Every structure is written in C-alpha cells, then in structure tokens.
K.L.:
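Questions regarding the structure given below will be posed in turn.
Everything quoted here is computed from the prediction, not taken from an experiment.
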Amino acid sequence: MSSATASPRKANRRRSSSVTNALKQIPLNQQQEQSYGSEDTIQESEVKPLSGKPRPKSRKKRDANDLPDNYHSRGFWDDLKTGRWMLVPSSAFILALIPIILYINHNILVQYGLLKPNTTNPFRHLLFISGELPDGRYTKSIYDFAFLGYYVIFWSFVRQFVTIHILRPMAIALGIKGGKIMRFLEQGYAVFYFSILGTLGIFVMRGLPTWWYKTEYFWIDYPHKQMTWELKTYYLVQAAYWIQQTILLAAKIEKPRKDFKELVAHHIVTLWLIGWSYNLYLTYIGVSIFVTMDVSDIFLALAKCVNYVSEAASPPFFAFFVGVWSYFRHYLNIWILWSVYTEFNLIDEKERTRFAPLEDKWLDWWMKWQIFVPIFLLQLINLFWYFLIWRILIKAVFYNDLRDERSDDEDEPEGEQTTTEKLKEQ
C-alpha cells in the first residue's frame, strides 16, 4: 500500500530509536506482563433489541494508566488460594507477618513461664539462618529450606510494594503513560534490587580471599564448609529471590517474550548453579558469579528506565551499560570458566577423588565438568543476548535499519487474551 493510501494511524506511527530497539532485545530477570481491560462503550442502536435475555451492560472504559485488576486483592483467603498474593502486596504482607507474630508470641510464652525456658522457638528457622557453629560461623542446615520458603514470600511483598506504591507514582509523575508504565516498574524494581544485592555481593566478596577474582582461592583449602553470617545470609537471600522469580515465570504471570525459552533456560541454570555451589561448598565461586550478574543488570535496567522517560537521554547510559556488560558478563565469566578448567586440581587430592554424598564428600574428577557445564551454559545465554545487542546496533549504524522486532513491545495486540485476562477469569 502506498503512503498516500496508508491510514493516518500507520503514517503517524513513531519509530523507535536504535537505542530503543537495542534495549528492547535485552531481557532482564523479571519481565512482568501488563494488560489493561478496555471495552468499547456500547453505542445506542436505532434497531430495536431482540427479545430474550438482555445484554449485559458494558463496563466503563478504563484509563490506560489504571492498575490491572489482578493487582487488586479479592480478599486474603481468595488471594492465597489463587496465588494472587504474589501480586498483591497487602496479602503478601499478611502472609509474611504471620511467622513474625508466632515467633514473638512464643518468646512471650517463654518469658511468662508458660513454656520452659529452654524451649526452642520453631519459627526462628523461618526468619533467621540456621546451622551456627560454636565459633560463631555457619554451615548448611536442613532448616535452610524453611528460611528460603519465608523469604520467597518476603521478596513477593517487597517487589509489589516497591513497584506499586513507590515506582508507579514516580512513573506517572515523570509523564510515562500506557503500557510503558508497567515496563518502567519492572526495570525500576530491577535497579532497586540489583543495586542492593550487587552492593552486598561486593561487600561479601571483599571479606573473602577471592576478592576481585583471585580465582585460585576458589579451590585452595576446599571444602569451604564454614561460612560467615554475611556470606550465608547473602547466599540464601539470593536463592530465595531466584526461586520467587522462577515461580512467577513458571506460572506465566510474566509476559512471554520473543526470547522466552532463553529466559527459562537462564532461570534453570541459575538455580542449578546456586543449589550445587551451596551444596558442594563452592560458595566462593557462587558469590563471584552473583556479582558478575547483578552489577551488569543494574546498568541494563537503568538504561531501560531512562529510555522510557527520554529516548534522547538514553544513549550515554546505554553505551556505559554495554561496557559494564562486556566486562562483567563476558570477561569475568570467561575468567571464572578458565579457572574451573585449569585450576580445579589445586584442590587437595583427597578432597577431589571421592563422591560419597552420605559422607558429605562431593568432588570426584567428573564433578569438574558438573561445575563447568552450567557456567558455560550461562555464558552461552549471555553471548546470545550480547549478539542481539550488537546486531541491532550494527544494523542501525550501517544499514539504517530501525525495524522493531517487538520482543518487548509496550502495546498488546488487540483481541489477544493475555495472561492477566486469564487470571481475571479465575
């Protein structure tokens, strides 16, 4: 169709800048969907209605900036049964508050002599890390699962409270409208989370002999069974965050994207790395990988947030992000891989020649590849996204090709039922 006959809507459609297209190709660990219910108001008809059951009245057209219905509570018990509590901060808060009340209540009963003084508080394992050793350090414990379960709830509350009650008013104040609001909330929360955990990761790593990727200490004096309070808390809090993110993804609460399969693979590999590194006493290498992921994600999310506010201001942020991503996600990750491949034998021979889980012995020669493979897979996923970044930039610079491949569109296709609408029907 020629431009003369094209509809005004298509003729006036604004094309995104090259930076916008590049940013849209890069997935971040959370991509929550948005859907706004909008129905055309039924207009009066000159034809008399047919006899029979009257047609239901249409709902009033909603403002595009309204919060989607599935973010509104239907009552705590209903939210709990349907899983909506993960999206409703008030319900997540109630759920997180219950163990705290039970913990305090137990202490009061002990204080007033209604329970014996030495009675163990069973709810402390939900709120605080377990496995303390006589010297004040910690080791892994079966109660770590209770801690993880509670902090999945905790992160659900934090995520929704920050996005709905802090970032959403900020987005509206900055003039962001429509579908871009939810995108801004997602990336804003990423800036919030990864800034905190990235800083904590650097702090924890600063207290380890591996400080700034002295990779030989991943293996020297293995196994590293004893952990500081900071190291164990940081590791389990990170694990709880990734479990919560995976639940959102598996339940399809997040919007499926063009790279949905790669995102699923990323979550699976990440949980694989967290679980195995913790169980095998390889937390030193785990902290190093956490830092490479979290620091780079701060600047990716920040570049996206700036782009939603002003495309003209985003290129410097994007350029800085590419540099940070290249260093952390590729140079340092490849350095870690090289260490696994070449320095594994720095482990004392008696600690790397027997696989006996019942005796808490985990490393044999083949476990080298069990460590290498998930890190390598993570690097392949990073390279896939890195390729997308440079492909878009090269096409934009040399071929003036600004086509939007719509991997992260702000607008939903008309007539397509989204995950949010499916949730409304539950």
K.L.:
Could you walk me through whether Phe344 and Trp219 satisfy the ring pair (Phe, Tyr, Trp, His ring centres under 6.0 Å) test, starting with their C-alpha distance in whole Å, then the side-chain angles of each, then the deciding distance to 0.1 Å, before giving a yes or no?
P.N.:
CA-CA 6 Å; Phe344 181 82; Trp219 320 106; 5.8 Å; yes

K.L.:
Checking side-chain polar atoms at under 3.5 Å, does Asn333 have a donor or acceptor matched by the opposite partner on Trp335?
P.N.:
no

K.L.:
Taking everything shown except Phe355 itself, do over 12 heavy atoms lie less than 6.0 Å from its CZ?
P.N.:
yes

K.L.:
Ignoring hydrogens and angles, state whether a donor on the side chain of Gln160 or His165 is under 3.5 Å from an acceptor on the partner side chain.
P.N.:
no

K.L.:
Under 4.5 Å between any side-chain heavy atoms of Cys305 and Phe317, yes or no?
P.N.:
no

K.L.:
Can Asn307 and Gln187 be counted as having a side-chain donor-acceptor contact under 3.5 angstrom?
P.N.:
no

K.L.:
How long is the straight-line distance from CE of Met86 back to CD1 of Ile153, given to the nearest 0.5 Å?
P.N.:
9.0 Å

K.L.:
Is the ring pair Phe318/Phe321 parallel, tilted or perpendicular, if the boundaries are 30 and 60 degrees?
P.N.:
tilted

K.L.:
Which heavy atom of Asp294 sits nearest a heavy atom of Gly198, and at what distance?
P.N.:
CB-CA, 3.9 Å

K.L.:
Compare every heavy atom of Thr139 with every heavy atom of Lys225, then report the nearest pair and how far apart it is.
P.N.:
O-OG1, 3.3 Å

K.L.:
Might you point out which heavy atoms bring Val295 and Phe299 nearest each other, and give the distance in Å?
P.N.:
O-CD1, 3.2 Å

K.L.:
Quick one, Ile375 and Ile285 - any side-chain contact, counting heavy atoms below 4.5 Å?
P.N.:
yes

K.L.:
For the residue pair Trp338 and Thr215, confirm or rule out a side-chain donor-acceptor distance under 3.5 Å.
P.N.:
no

K.L.:
Decide if atom CH2 of Trp369 counts as having more than 12 heavy atoms of other residues, nucleotides or ligands within a radius under 6.0 Å.
P.N.:
yes

K.L.:
Under 6.0 Å from the CG atom of Leu114, do we count more than 12 heavy atoms belonging to anything else shown?
P.N.:
yes

K.L.:
The test is salt bridge (charged side-chain N to carboxylate O under 4.0 Å, His left out); show your working for Asp135 and Arg137 and say whether it passes.
P.N.:
CA-CA 6 Å; Asp135 63 358; Arg137 288 184 289 181; 3.1 Å; yes

K.L.:
Does Asp144 reach the side chain of Tyr278, with side-chain heavy atoms less than 4.5 Å apart?
P.N.:
yes

K.L.:
When rounded to the nearest 0.5 angstrom, what distance separates OG1 in Thr119 from CG in Asn107?
P.N.:
10.5 Å

K.L.:
Is a side-chain N or O of Tyr341 found less than 3.5 angstrom from the main chain of Phe372, in a donor-acceptor match?
P.N.:
no

K.L.:
For the residue pair Ile347 and Phe218, establish whether any side-chain heavy-atom pair is separated by less than 4.5 Å.
P.N.:
no

K.L.:
Is it true that a side-chain atom of Lys140 and a backbone atom of Asn279 form a donor plus acceptor pair closer than 3.5 Å?
P.N.:
yes

K.L.:
Is a donor on one side and an acceptor on the other found under 3.5 Å between the side chain of Tyr143 and the backbone of Ile129?
P.N.:
no

K.L.:
State whether a side-chain donor-acceptor pair under 3.5 Å links Tyr386 with Ser326.
P.N.:
yes

K.L.:
Going by heavy atoms in the side chains, are Tyr103 and Leu126 under 4.5 Å from each other?
P.N.:
no

K.L.:
Once rounded to the nearest 0.5 Å, what's the spacing between atom CZ of Arg168 and atom CD1 of Ile176?
P.N.:
12.0 Å

K.L.:
For Tyr234 and Phe290: C-alpha separation, side-chain torsions, deciding distance, then whether ring pair (Phe, Tyr, Trp, His ring centres under 6.0 Å) applies.
P.N.:
CA-CA 10 Å; Tyr234 168 78; Phe290 273 136; 5.7 Å; yes

K.L.:
Got a second to check how far Thr163's OG1 is from Leu87's CG, nearest 0.5 Å?
P.N.:
9.0 Å

K.L.:
CH2 of Trp211: more than 12 outside heavy atoms within 6.0 angstrom?
P.N.:
yes

K.L.:
Could you tell me if the side chain of Val237 sits less than 4.5 Å from the side chain of Trp155, heavy atoms only?
P.N.:
yes

K.L.:
What closest approach, in Å, do Phe328 and Ser296 show between heavy atoms, and which atom pair accounts for it?
P.N.:
CB-CB, 4.2 Å

K.L.:
Could you walk me through whether Tyr217 and Tyr284 pass the ring pair (Phe, Tyr, Trp, His ring centres under 6.0 Å) test, one step at a time?
P.N.:
CA-CA 8 Å; Tyr217 289 101; Tyr284 286 7; 8.8 Å; no

K.L.:
Give the intermediate values and the outcome of ring pair (Phe, Tyr, Trp, His ring centres under 6.0 Å) for residues Tyr151 and Phe147.
P.N.:
CA-CA 6 Å; Tyr151 281 89; Phe147 184 88; 4.4 Å; yes

K.L.:
Would you kindly say whether Ser339 and Glu343 are connected by a side-chain donor-acceptor distance under 3.5 Å?
P.N.:
yes

K.L.:
Step by step, work out the side-chain contact (heavy atoms from CB on, under 4.5 Å) result for Phe161 and Phe93.
P.N.:
CA-CA 9 Å; Phe161 179 84; Phe93 177 75; over 6 Å; no

K.L.:
Identify the two heavy atoms, one from Trp242 and one from Thr270, that lie closest to each other, and give their separation to 0.1 Å.
P.N.:
CD2-CG2, 3.7 Å

K.L.:
Side-chain contact test, heavy atoms from C-beta onward, threshold under 4.5 Å: evaluate it for Leu231 versus Tyr138 and give yes or no.
P.N.:
no

K.L.:
Looking only at side-chain N and O atoms, does Thr246 offer a donor or acceptor that is under 3.5 Å from a partner on His267?
P.N.:
no

K.L.:
Taking all heavy atoms of Val152 and all of Ala240, pick out the closest pair and write down the distance.
P.N.:
CG2-O, 3.7 Å

K.L.:
Is the Trp212 ring parallel, tilted or perpendicular to the Tyr327 ring (thresholds 30°, 60°)?
P.N.:
parallel

K.L.:
Are the side chains of Tyr189 and Val158 in contact, using a 4.5 Å heavy-atom criterion?
P.N.:
yes

K.L.:
Does either side chain, that of Ser277 or that of Tyr235, offer a donor lying less than 3.5 Å from an acceptor on the other one?
P.N.:
yes

K.L.:
What verdict does the side-chain contact (heavy atoms from CB on, under 4.5 Å) test give for Asn345 and Arg352, after you've listed the backbone C-alpha separation in whole Å, the side-chain angles of each residue and the deciding distance to 0.1 Å?
P.N.:
CA-CA 8 Å; Asn345 288 343; Arg352 56 177 168 83; 3.7 Å; yes

K.L.:
Nearest 0.5 Å, what's the NZ-CZ distance between Lys177 and Phe184?
P.N.:
15.5 Å

K.L.:
Less than 3.5 Å apart, any donor N or O on the side chain of Asp297 or Tyr193 sitting next to an acceptor on the other?
P.N.:
no

K.L.:
CD/Gln226 to NE2/His224 distance, rounded to the nearest 0.5 angstrom?
P.N.:
11.0 Å

K.L.:
Verify side-chain contact (heavy atoms from CB on, under 4.5 Å) between Arg159 and Gln245, making sure each step is shown before the conclusion.
P.N.:
CA-CA 10 Å; Arg159 175 177 180 169; Gln245 288 296 110; 2.6 Å; yes

K.L.:
So does Lys350 get a backbone contact from the side chain of Asp348, meaning a donor-acceptor N/O pair under 3.5 Å?
P.N.:
yes

K.L.:
Could I get the full list of side chain to side chain contact (heavy atoms under 4.5 Å, CB included) partners for Ala313, not counting sequence neighbours?
P.N.:
Val306, Ser310

K.L.:
Pair Leu377, Leu380 - check side-chain contact (heavy atoms from CB on, under 4.5 Å), show working.
P.N.:
CA-CA 5 Å; Leu377 291 176; Leu380 289 181; 4.3 Å; yes

